[in-house]
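For this chain, numbers begin at 1 and follow the sequence in order.
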Amino acid sequence: MKKIVSVLLAALLLLSLMATAVMTVGAEEKTKVLYEIPNVLASNQNDGKSEGWRNSKVDAGKAPLQEIQLNDQIGFGATFSGAEPNFFNTIRFLYYTATPYDLSDIKYIEFDLYISDATMYTAANSIMIELCSSGRQDSYEISTDIKPALEEGWNHIRIDFSTLKSGSPEPFDITAWNFFRLCVNGPYDTGSDELTMAIAN
C-alpha cells in the first residue's frame with residue numbers, strides 16, 4: 001500500500017512541475033484530462049439556457065455552430081462570411097451546462113482550434129477565454145487574452161489555469177463552473193473571403 005501511495009504522490013508532483021505558460025503545444029504533450037466538455041451542440045442556439053455548444057451571435061443572424069469534420073478530426077464550428085468589416089467579432093464559441101463542476105484541481109485548459117486561413121489572423125487579433133460560474137458571460141467570471149501563433153489547420157492550445165484573472169465585480173466560484181466562452185477578437189475586413197473556424201477536444 002505504501003508503495004502505491006508513493007507512486008501516486010510522485011505522479012502528482014510530476015504533474016505540478018510541468019511547464020506552465022505554453023500556449024501552443026504538440027499533441028504528444030497533452031496533459032492528463034480531469035474533465036472534458038461533452039461534444040454536444042445546444043438544441044437551440046438562440047437559447048442561453050440550452051445545454052451544449054453554440055455561437056452567441058446566432059441571434060444577430062450569424063452562422064450557428066455545427067458539427068464538421070476537418071482534416072480527419074471532428075469539431076464544432078462554422079464558415080464565417082468575411083463580407084462585413086470586423087467579422088472576427090462574430091466568432092463566439094460558447095458552452096453551457098446546467099450541472100456546476102468543481103475546477104479546483106484543474107491545472108490547464110486545453111483544446112484544439114481550427115483555422116482555414118491563418119493569414120487572416122494577424123497581430124491585431126487576440127483570443128479571449130472566459131469561464132463563469134453564473135451560467136452566462138461577463139458575470140462571476142475569470143478570463144485571459146492570448147495571442148497564440150496559429151497555423152492553418154488544427155492548433156493545440158494549452159493555457160495555464162492560474163493565468164486567468166477576475167473579469168467581473170462578482171467573484172468566480174471555482175467549485176461551480178458552468179460556462180465557457182472563446183472569442184476571436186480584433187478588426188479584420190476580408191472583403192468577400194470566408195473563414196472556417198472550429199473547436200474540438
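Judged as a side chain to side chain donor-acceptor pair (under 3.5 Å), and not counting sequence neighbours, the contacts of Thr97 are Glu51. By the side chain to side chain donor-acceptor pair (under 3.5 Å) test, Ser134 is found to be paired with no residue, residues two or more places apart in sequence or in another chain being considered. Listed by chain and number, the residues in a salt bridge (Lys or Arg N to Asp or Glu O under 4.0 Å) with Asp102 amount to none (sequence neighbours excluded). Taking the side chain to side chain donor-acceptor pair (under 3.5 Å) definition, one finds that Ser166 meets it with nothing, sequence neighbours left out.
Here the CG-OG distance, from Asp138 to Ser143, works out to 8.5 Å after rounding to the nearest 0.5 Å. Atom CH2 of Trp53 is separated from atom CZ of Phe180 by 5.0 Å, given to the nearest 0.5 angstrom. A distance of 9.5 Å separates CD1 in Ile129 from OG1 in Thr163, rounded to the nearest 0.5 Å.
Other residues sharing a hydrophobic cluster with Ile74 under the 4.5 Å side-chain heavy-atom criterion for ILVMFWY residues do not exist; the residue is a singleton. Chaining together hydrophobic side chains whose heavy atoms lie under 4.5 Å apart places Leu70 alongside Ile68, Tyr114, Trp154.
Between Thr79 and Thr196, the side chains place a donor N or O and an acceptor N or O closer than 3.5 Å (distance only, hydrogens not considered). When only modelled atom types and interatomic distance are considered, Thr122 and Asn125 share a side-chain donor-acceptor pair under 3.5 Å. Side-chain N/O atoms of Asn201 and Gln73 include a donor and acceptor closer than 3.5 Å.
In this structure, Tyr35 has its ring center under 6.0 Å from that of Trp177.
Taken together through direct or relayed side-chain contacts under 4.5 Å among Ile, Leu, Val, Met, Phe, Trp and Tyr, Leu94 and Met128 form parts of separate hydrophobic clusters.
Heavy atoms of other residues, nucleotides or ligands lying less than 6.0 angstrom from CD of Glu170 number more than 12.
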